[in-house]
Every structure is written in C-alpha cells, then in structure tokens.
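Reviewing the structure listed below.
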Amino acid sequence: MHDSWRGGRSVALIALMGVALLWSGASRGGTLVETQLFAGNTEQAIQTAALAAEAAPQDLDAQELYIDLLLSSGLGSMAERAYNERVSVDPTNPDVHYLVGRAARSGAAAAKAYEKALRLNPDHARSHMGMAAVHMAAGAHPDAAHAYFRAINLDPNLAEAWLGLIRADLAMGLGAEALELAKKGIKYVPQEPGLYLVVAEMVPADAIRVLSGAVDRGVDDPRVSAALAASLLIEGDADAALVTARHALATDRTDVEATRVALFAAAITSGTLDNAGYQRLIEARDVQESDPVAALARFDKLVSDYPGCALTWLGRSQVKRQLKDTEGAVEDSGKAANLAPGNIEVEASHGLLLLDMGLFVDAARFLRVASEGRPWDASLGLGFAAALTGSHKPEDAARVLAVLNDLHPYDARTTIQYGQALVDSGQAEEAYQLVRGALKRVPDPRLAVAMVMTATAAKHYAEAADILEQLAAQTGRETLAQEARRLRELEAAGG
C-alpha cells in the first residue's frame, strides 16, 4: 500500500478527480456557503450563493458557484433560464456566453456557448476550460488535455483547469505526467485541496508529509483531513488519526472516509483492536470482493482473536449475508450492536439489516437511535419510517416523514414517501400540494410520477397536466407529456 504510482490506481484516482472537480468551483464560494452545504442545508446554500451572484454580476467565481449548486441540486433549468436572459441583455460579453455554457445541460449547448465566447475573445481562459470539460464528457481526452493546457497557460490560477488536465492525463494513462502537474499546480493554486489529494493518492509513502503541508498552508478542507487521518492510521498512529478524522467530521459530518477512519481508530485506541488486527480487517474486506468463502475464514479468526471488537463481528455479518446466511448475519450484527451501544454506524448497519429481513419492530428500535444521531442522513430516517410502517404504526411513520421532508426539501425520496403516507391516510389534497410544491422546486422525474399519483387521488387533473406540460417542454421528456395527456383525458371524462 506504500508503493509509488501504479497504473492500476488510475480508475480510482479519476473518480477522486471527479469529486475534486465538483468541489473546486464550490470551494471558492466562501465560508458561509461551504458551512451550509456541509450542514446539509442545500436550500440555504443556494439562497446565499444567489445573493452573492446577484450582488457581484462580474464575479465569475460567484456566478460559477451559483450555477454549480443549481445543477447539482437538479435545478439546471433555472440556471439555463437565468443566464440565457443575461446574454440577451449583454450579447457581446464573452464572460456571459461562458456562463451560459456553464449552465447548459447538454454538451452541444455548452460547446455552442463556449465557441461564441471564444469568437469574441480567443484568449478567454475559462471558455477554453469549458470546452475541455465538453471534450472530457465526450471521451475525447487528448482534445480535453489540449484545451485545459491552453486555459492554464492563459490563467495559471484556474484550479479547475489544473484538476481537469490531471484528470485527462490519468484517463490517457499518463500517471507520471499527472503527478508532475499536480505538484506544479500546488505552486500556482496552493489553496486547492484537490491537488494535494492527487499527490497523496499517487505517492502514498509521501501522503502524510504532503497532506500535513496542505494543513500548514491553511487548507482546512475535510477531504484533506480525512485523507490525512487515513494515512496516519495506516502508519499505526491511531491517536492522531482519531483526532484528525474527528476534525474532518466536525466540518463535514457526512464524510465517509473520515467516518471509517474514526471507527477503526476508536477501536484501536479503546484496546478492542490493534494495528495488526486493523490490517487484517482491511485484507479480509479486500478478499471479500472476490472470494467471500475465504473472507469468512479470515473473519472467523478475527472474531476469535478480537471478540470484544464490534467491527470484527460486523464484518463477519456482512460476509454471511453475502453468502445467504441471513440468520447468522443478523446474529453477528446484533452482537456488534451489543458490543457498541450508542455507536451510530454500528446501530445503523444493524437496523438496516433487520429492516431488510422484515424484522420491523426490532429495526425501528435501532433505526430510531441511528436516525436521531444522524439527522442529515435521509436514508436512515426513511428506513425508520419504513420500519414503523411495517410495525403497523402508519401515523408515527407519517410524523417521521413530515420531519424528514422539512429537513431534506431537495430529496425527492422524502417528499414521495411523505406524499404516499398522506394519500394512505386520506389526505390526498395535502399530498397533492406537497408534491406540487416540491416539483416546482426540484424537477425530478420521480416527483412527476408522484404528481400523477397525488393529482389523481385529489382530482386536480388539469392543473397537474399544466405543470407536467411545462416540465416536458423544459426537459424534453416525452413521458411527462404523455402523463399530461392522460390527466387531460381524465378531466374531460369528469374524473
């Protein structure tokens, strides 16, 4: 695990670069937006970004942040409308055409806007960067690399272009070149966390020095802290790993890597596991992918050697489930939960397993604790509601879903499940209004289906058809148009 760059890492690293690119724009947006995003307050973050973009229309960083948040929240049509209106007012401004391309939801539309910007200003660095992204999406990696390189030459402070160029090189198998680019990029944009993450991933033996250097430079990013914590744990420093992982989680409580490291590091510092056992657990998990029978033998030995460690029992439970030994899986998972009462991750895993097994009453007990401990995780709340429904407590489930819907207004799943609960309880009108409002906020196809269901129940056929037709025009989805026609037929037939 401590060797230098190997070609086999390219797939995982390209995925990492995708995450880094997603955040490179948002990370420039300012502490308030970041804080709101990490807290799961997407709606507030969008509002804050919108105010910043409106207050500084010439600030491309602010505009990019607003666009990226809208696109990642499923509100691309809103972004397209906003920036197409701007270009009609300021048609000779290459910045505005670039932003139209940024907001575009198709590669062809984006390329057309970037080309207009480049005709107005052939040296418009961000438009070259935009064209590179279009090439990447089309799999034209050499063209993407050329465009990213042009963008960097014109503006070496474009962190997104550095990350994009690295990603293009990785896609072409140019690992050594990508590593050198990451090191060079740090000199120009030392506050970009993605560059440090690339170097640390490509040279694991140097990860602690590189990531610690990022922290020393003031790069306070939860991904950097999580990666540093993972490296510290690998090196056997569980105490430092636990502190660092908790620092990452204090900023982003949803960070999966930091959560994993904190679990293992806490087990080591508590004495229920040691460094050798941690390495064996990781090896057993790796074997599990290809040979679950062999992995089970490893976990049997781990449970025997570390009987007081919840993670060994939980690991064996997962293997047993993979091998269709559901009774054994539930038994081991329950043992893990008994060994670690109050451990949200362990209780969540046990609760979800019980739910899948149809043991609703027991599942509800564990998922209540887990969902209260992780209110930002809508999946746990939905699991708790499902367990309550399965336990014949629909009113309690509806109350949980109401809270979830307020907490996660951009999560279509919560709205759909709450709407169904309202319909089931005879509140079709309330369900219709709920889904109608959500669909205007988040044009998700799943919500469109829920709209049809609730509109039919509440007999609001014409109004629902109007909304579906608008969405069909915006998204080009024929299925939405078909549902609109069906609703109009019902209206004409008198319900």
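Computed from a predicted model, the values in this text were never measured in an experiment. The basis for the numbers below is simple: all heavy atoms, side chains too, and nothing from hydrogens, waters or symmetry mates.
- One distance of note links CD of E429 with OG1 of T454; it measures 9.5 Å at 0.5 Å rounding.
- Of all heavy-atom pairs between D169 and A145, the closest is OD1-CB, 4.4 Å.
- Looking at residues two or more places apart in sequence or on another chain, you find no side-chain hydrogen bond (donor to acceptor under 3.5 Å, both in side chains) involving D155.
- With hydrogens and angles ignored, the 3.5 Å screen pairs a side-chain donor or acceptor of H97 with a backbone N or O of P91.
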**Message:** For Y148 and R167: C-alpha separation, side-chain torsions, deciding distance, then whether side-chain hydrogen bond (donor to acceptor under 3.5 Å, both in side chains) applies.
**Reply:** CA-CA 10 Å; Y148 278 129; R167 190 172 181 229; over 6 Å; no

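- When all heavy atoms of V369 and E347 are compared, the closest pair comes out as CG1-OE1, 3.1 Å.
- Each of L170, L197, I166 was scored for a side chain to side chain contact (heavy atoms under 4.5 Å, CB included) with M202, with one residue passing: L170.
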**Message:** Does I46 form a side-chain contact (heavy atoms from CB on, under 4.5 Å) with L75? I'd like the steps, not just the answer.
**Reply:** CA-CA 10 Å; I46 291 174; L75 302 174; 4.0 Å; yes

**Request:** Check the pair H128 / N153 against side-chain hydrogen bond (donor to acceptor under 3.5 Å, both in side chains), numbers first and verdict last.
**Result:** CA-CA 11 Å; H128 284 291; N153 278 340; over 6 Å; no

Would you list the atom pairs, donor with acceptor, under 3.5 Å between side chains in residues 110-122 and any protein atom, with sequence neighbours excluded?
unit_1 : atom_1 : unit_2 : atom_2 : d
Y114   : OH     : G101   : O      : 3.4
Y114   : OH     : R102   : N      : 3.3
N121   : OD1    : D123   : N      : 3.0

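- Closest heavy-atom contact between A262 and L249: CB-CD1, 4.2 Å.
- A 4.5 Å side-chain heavy-atom check between V203 and L179 finds at least one atom pair inside the cut-off.
- Across every non-hydrogen atom of G194 and L163, the tightest pair is C-CD2, 3.8 Å.
- Environment of CD in E478: crowded, with over 12 heavy atoms of neighbouring residues, nucleotides or ligands closer than 6.0 Å.
- Taking a cutoff of 4.0 Å between a charged side-chain nitrogen and a carboxylate oxygen, R488 and E469 qualify as a salt bridge.
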**Request:** Carefully, step by step, assess L69 and V33 under the rule side-chain contact (heavy atoms from CB on, under 4.5 Å).
**Result:** CA-CA 10 Å; L69 283 176; V33 173; 4.0 Å; yes

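- Shown here are the side-chain contact (heavy atoms from CB on, under 4.5 Å) partners of A450, two or more places apart in sequence or in another chain: I416, V435.
- Relative ring orientation between Y432 and H460 is described as parallel, the plane-to-plane angle staying below 30° on a 0-90° scale split at 30° and 60°.
- Ring pair W162/Y188 is parallel by interplanar angle, where below 30° counts as parallel and above 60° as perpendicular.
- Contact annotation: the side chain of R253 approaches that of W376 to within less than 4.5 Å [non-hydrogen atoms, C-beta and beyond].
- In this structure, E491 CD and K459 NZ are separated by 11.0 Å, a value rounded to the nearest 0.5 Å.
- For the atom pair OG (S77) and CD (Q470), the distance works out to 11.0 Å, reported to the nearest 0.5 Å.
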**Request:** Kindly indicate, with the supporting measurements, whether the criterion side-chain contact (heavy atoms from CB on, under 4.5 Å) is fulfilled by Y83 and Y98.
**Result:** CA-CA 10 Å; Y83 289 91; Y98 160 69; over 6 Å; no

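- Taking 4.5 Å as the limit, some side-chain heavy atom of P190 sits within range of a side-chain heavy atom of Y196.
- Put simply, the side chain of T456 reaches to within 4.5 Å of the side chain of L487, judged on heavy atoms.
- Taking a cutoff of 4.0 Å between a charged side-chain nitrogen and a carboxylate oxygen, R81 and E85 do not qualify as a salt bridge.
- The 12-atom threshold is not exceeded at CZ of R477, counting heavy atoms of other residues, nucleotides or ligands nearer than 6.0 Å.
- The residues R126 and E64 are annotated as salt-bridged, a charged nitrogen and a carboxylate oxygen being separated by less than 4.0 angstrom.
- Under the 4.5 Å side-chain criterion, counting only non-hydrogen atoms from C-beta, D424 is in contact with Q420.
- Nearest heavy-atom pair across E80 and A103 is CG-O, 3.3 Å.
- We find that R486 and E489 are not joined by a salt bridge, their nearest charged nitrogen and carboxylate oxygen being 4.0 Å or further apart.
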**Request:** Report the C-alpha separation of N343 and L263 in whole Å, then their side-chain angles, then the decisive distance to 0.1 Å, and conclude whether the side-chain contact (heavy atoms from CB on, under 4.5 Å) test is met.
**Result:** CA-CA 9 Å; N343 186 310; L263 275 174; 3.5 Å; yes

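- Side-chain contact between P193 and V219: present, with at least one pair of heavy atoms (C-beta onward) separated by less than 4.5 Å.
- Residues D95 and H124 form a side-chain contact, since some pair of their non-hydrogen atoms from C-beta on lies under 4.5 Å apart.
- With respect to the salt-bridge test (charged N to carboxylate O, under 4.0 angstrom), the residues E463 and R436 qualify.
- For the atom pair F366 CZ and L380 CG, the distance stands at 13.5 Å (nearest 0.5 Å).
- Residues in residues 373-382 take part in these salt bridge (Lys or Arg N to Asp or Glu O under 4.0 Å) pairs, two or more places apart or across chains: E345-R374, R374-D377.
- Using a distance-only test at 3.5 Å, with no hydrogens or angles considered, a donor-acceptor pair links the side chain of Q191 to the main chain of R217.
- To the nearest 0.5 Å, the span separating CD on E201 from CG on L211 amounts to 10.5 Å.
- The heavy-atom pair separating A229 from A245 by the smallest distance is CB-N, 3.6 Å.
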Show me the donor-acceptor pairs within less than 3.5 Å that the side chains of residues 53-60 make with the rest of the protein, sequence neighbours left out.
unit_1 : atom_1 : unit_2 : atom_2 : d
D59    : OD1    : D61    : N      : 3.0
D59    : OD1    : A62    : N      : 3.2

Side-chain donor-acceptor pairs of residues 401-411 under 3.5 Å, sequence neighbours excluded:
unit_1 : atom_1 : unit_2 : atom_2 : d
N405   : OD1    : T415   : OG1    : 2.9
H408   : NE2    : P375   : O      : 3.1
D411   : OD1    : R413   : N      : 2.9
D411   : OD1    : R413   : NE     : 3.0
D411   : OD2    : R413   : NE     : 3.4
D411   : OD2    : R413   : NH2    : 2.7

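- Between the S73 side chain and the L70 main chain, no donor and acceptor come within less than 3.5 Å of each other.
- Between the side chains of D220 and H247, a donor-acceptor pair is found at a separation under 3.5 Å.
- In this structure, the side chains of V452 and L468 come closer than 4.5 Å at one or more pairs of heavy atoms.
- If you take CG on L480 and CG on L439, they are separated by 8.0 Å, rounding to the nearest 0.5 Å.
- A donor-acceptor distance shorter than 3.5 angstrom exists from the side chain of S371 to the backbone of R368, with no hydrogens or angles considered.
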